There are 2 protein chains.
Amino acid sequence: MDKSKIKDDFRSFLVEKGLKSTRQREEILDEFLRDGAHLSAEDLYMRVRSNNPRIGYATVYRTLKLFAECGIAEQRQFGDGQTRYESTTVDEHHDHLICTCCGKIVEFEDPEIEHLQEKVAAAHGFIIERHRLNLFGRCRDCQAS
Amino acid sequence: MDKSKIKDDFRSFLVEKGLKSTRQREEILDEFLRDGAHLSAEDLYMRVRSNNPRIGYATVYRTLKLFAECGIAEQRQFGDGQTRYESTTVDEHHDHLICTCCGKIVEFEDPEIEHLQEKVAAAHGFIIERHRLNLFGRCRDCQAS
DNA sequence: CCCCAAATGAAAATGAGTCTCAATTTAATT
DNA sequence: AATTAAATTGAGACTCATTTTCATTTGGGG
């Protein structure tokens, strides 16, 4: 949750990889951290643009991939055809409840489920690196209609 | 698992919807049921083509969507940019272990996990319609490298 | 300050999936 | 068997997210 730590992480990552720290990358990261959960490249592009209209589409895409590679963001697919990115704080990640009616997304975590996942994986000889759990259904509001 | 029952299901579905049973749909369904777990439209197109090169791309896409609508197939995204379809037997569905190294996909089911999912969803006021659980990691063979 | 590898932006390219439309086929009806 | 209306098909055009290309600009070590 500490934004300046995340920024430092990213800068270190760039140095290690022999990449450069640029104004654009900083701006994109700032905007990415400003709030938005589940931002698509398009979303982020729009936001960044409103501060600095000279930033290109491709740069946003490229930078987002760097975030993922660096580990400060994770890619998600919710089935609407757009890849969405979510900022991660190292030891924290969450699963999602997605309303098939209104599209609302609720995050949750459940240690018990995680533990069972490890168990299942181990039974098949796998070592888990990450997981994706999406529950699709109807939220309370949409159960009326 | 009873292929002729699945075919009958699909035929009934077509009748109910006022749609027509065609040679192409039969051929595509036959090929779809022949084996392939996790077929992409492209995969299936290739296979169908090897029997009948006159079948079009669009027809395969359209038919696959019908399968999904009918409930004899489910769509899956494994993050490689292609939608994959998996044949379903009504009450049976599975989650996946995906090796990030060799791409191997292992299916599993765990009633305990499912139960916990229901619980979590209920706690947030959701009624689950379906879920997707993917565990990414390294399979036994790839843990060496 | 110089240099060059890396980065950028604009535009073209790609690739999965969808749509259009003229020609064909299905299946219900004469 | 012939008729017919509606559904289907195949080819290719199209969409839209994402990637690549390439000429130009920029970061930062020497």
Side-chain angles (χ1 to χ4, degrees), chain A residues 7 10-32 38-70 73-85, chain B residues 7 10-32 38-70 73-85:
Chain A
K7 289 170 151 197
F10 184 56
R11 291 189 194 107
S12 313
F13 167 83
L14 292 177
V15 173
E16 278 167 34
K17 286 267 179 175
L19 304 177
K20 289 170 181 171
S21 175
T22 67
R23 184 171 31 79
Q24 290 88 332
R25 286 177 177 163
E26 290 288 330
E27 285 180 15
I28 293 171
L29 181 51
D30 279 339
E31 202 53 53
F32 180 65
H38 317 117
L39 286 171
S40 64
E42 173 81 25
D43 292 339
L44 190 55
Y45 173 69
M46 294 306 213
R47 295 192 182 202
V48 171
R49 274 237 141 183
S50 67
N51 296 332
N52 177 353
R54 336 182 82 263
I55 283 187
Y57 225 84
T59 303
V60 175
Y61 273 98
R62 287 186 282 231
T63 305
L64 237 12
K65 291 181 82 175
L66 283 178
F67 292 171
E69 200 185 330
C70 163
E74 275 184 54
Q75 300 185 215
R76 301 269 183 175
Q77 322 271 155
F78 294 117
D80 64 345
Q82 289 195 195
T83 300
R84 287 166 187 286
Y85 290 80
Chain B
K7 289 170 150 196
F10 185 55
R11 291 188 194 109
S12 314
F13 168 82
L14 292 177
V15 172
E16 277 167 35
K17 286 267 178 176
L19 304 178
K20 290 170 179 170
S21 174
T22 67
R23 185 170 28 78
Q24 290 88 332
R25 287 177 178 164
E26 290 287 333
E27 285 181 16
I28 293 171
L29 181 52
D30 279 340
E31 201 54 52
F32 180 65
H38 316 116
L39 286 172
S40 65
E42 172 81 26
D43 292 339
L44 190 55
Y45 174 68
M46 294 307 213
R47 294 193 182 201
V48 170
R49 275 238 142 186
S50 67
N51 296 331
N52 177 355
R54 337 182 80 264
I55 283 187
Y57 225 83
T59 302
V60 175
Y61 273 97
R62 288 187 281 231
T63 305
L64 238 13
K65 291 181 82 175
L66 283 178
F67 292 172
E69 201 185 330
C70 163
E74 274 184 54
Q75 300 185 216
R76 301 270 183 175
Q77 322 270 155
F78 294 117
D80 64 345
Q82 289 196 199
T83 299
R84 288 167 187 285
Y85 290 81

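Quick caveat: nothing in here was measured; it's all calculated off a predicted structure. Only heavy atoms go into these numbers, but all of them, side chains included; no hydrogens, no water, no symmetry mates. We name chains A, B, ... by the order of the sequence lines, and we start the count at 1 in each one.
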Protein-nucleotide distance ([X], atom [atom1]; [N], atom [atom2]), rounded to Å:
{"X": "Tyr45(B)", "N": "dT9(D)", "atom1": "OH", "atom2": "C1'", "result": "13 Å"}
{"X": "Leu44(A)", "N": "dA17(D)", "atom1": "CG", "atom2": "P", "result": "15 Å"}
{"X": "Leu39(A)", "N": "dT18(D)", "atom1": "CG", "atom2": "P", "result": "13 Å"}
{"X": "Glu26(A)", "N": "dT8(C)", "atom1": "CD", "atom2": "C1'", "result": "16 Å"}
{"X": "Gln82(A)", "N": "dG17(C)", "atom1": "CD", "atom2": "P", "result": "15 Å"}
{"X": "Ile55(A)", "N": "dA10(C)", "atom1": "CD1", "atom2": "C1'", "result": "14 Å"}
{"X": "Arg11(B)", "N": "dA7(D)", "atom1": "CZ", "atom2": "C1'", "result": "18 Å"}
{"X": "Glu16(A)", "N": "dA6(C)", "atom1": "CD", "atom2": "P", "result": "16 Å"}

Which value, rounded to the nearest 0.5 Å, describes the distance between [X] atom [atom1] and [Y] atom [atom2]?
{"X": "Gln77(A)", "Y": "Thr83(A)", "atom1": "CD", "atom2": "OG1", "answer": "4.0 Å"}
{"X": "Arg23(A)", "Y": "Ile28(A)", "atom1": "CZ", "atom2": "CD1", "answer": "10.5 Å"}
{"X": "Phe13(A)", "Y": "Leu19(A)", "atom1": "CZ", "atom2": "CG", "answer": "6.5 Å"}

Legend entry - Test item: side-chain donor near acceptor, Glu31(B) and Asn51(B), under 3.5 Å: yes
Inset, instruction - Please state whether the phosphate of dT26(C), meaning OP1 or OP2, lies under 4.0 angstrom from any side-chain nitrogen or oxygen of Arg25(B). - result: no
Inset, instruction - Can you sort out which residues in residues 56-68 of chain B have a heavy atom within less than 4.0 Å of DNA chain C? Ascending by number, please. - result: Ala58(B), Tyr61(B), Arg62(B), Lys65(B)
Inset, instruction - Tell me which of Gly18(B) and Pro53(B) sits closer to the 5' end of DNA chain D, going by the nucleotide each one is nearest to. - result: Gly18(B)
What pair of heavy atoms forms the shortest contact from [X] to [Y], and how long is it?
{"X": "Lys20(B)", "Y": "Leu14(B)", "result": "O-CD1, 3.7 Å"}
{"X": "Leu66(A)", "Y": "Phe10(A)", "result": "CB-CE1, 4.1 Å"}
{"X": "Tyr85(B)", "Y": "Ala73(B)", "result": "CD2-CB, 4.4 Å"}

Legend entry - Pairing residues for Lys7(A) by the salt bridge (Lys or Arg N to Asp or Glu O under 4.0 Å) criterion, not counting sequence neighbours: Asp30(A)
Inset, instruction - Verify the ring-centre separation between Phe32(B) and Phe67(B): is it less than 6.0 angstrom? - result: yes
Inset, instruction - Would you work out how much the helix from dC1(C)-dG30(D) to dT30(C)-dA1(D) bends between its ends, with each end axis defined by five base pairs, to 10 degrees? - result: 20°
Legend entry - Nucleic acid footprint by protein, nucleotides 24-30 of chain D - heavy-atom cut-off 4.0 Å, B for base, S for sugar-phosphate alone: ---BS--
Legend entry - All side-chain contact (heavy atoms from CB on, under 4.5 Å) counterparts of Arg62(B), not counting sequence neighbours: Ala58(B), Thr59(B)
Inset, instruction - For residues 38-57 of chain A, pull every pair meeting salt bridge (Lys or Arg N to Asp or Glu O under 4.0 Å), keeping only residues two or more places apart or in separate chains. - result: Asp35(A)-Arg47(A), Asp43(A)-Arg84(A)
Inset, instruction - For Thr83(A), answer base if it contacts any base atom (sugar-phosphate contacts may also be present), sugar-phosphate if it contacts only those atoms, and nothing otherwise; contact means non-hydrogen atoms under 4.0 Å. - result: sugar-phosphate
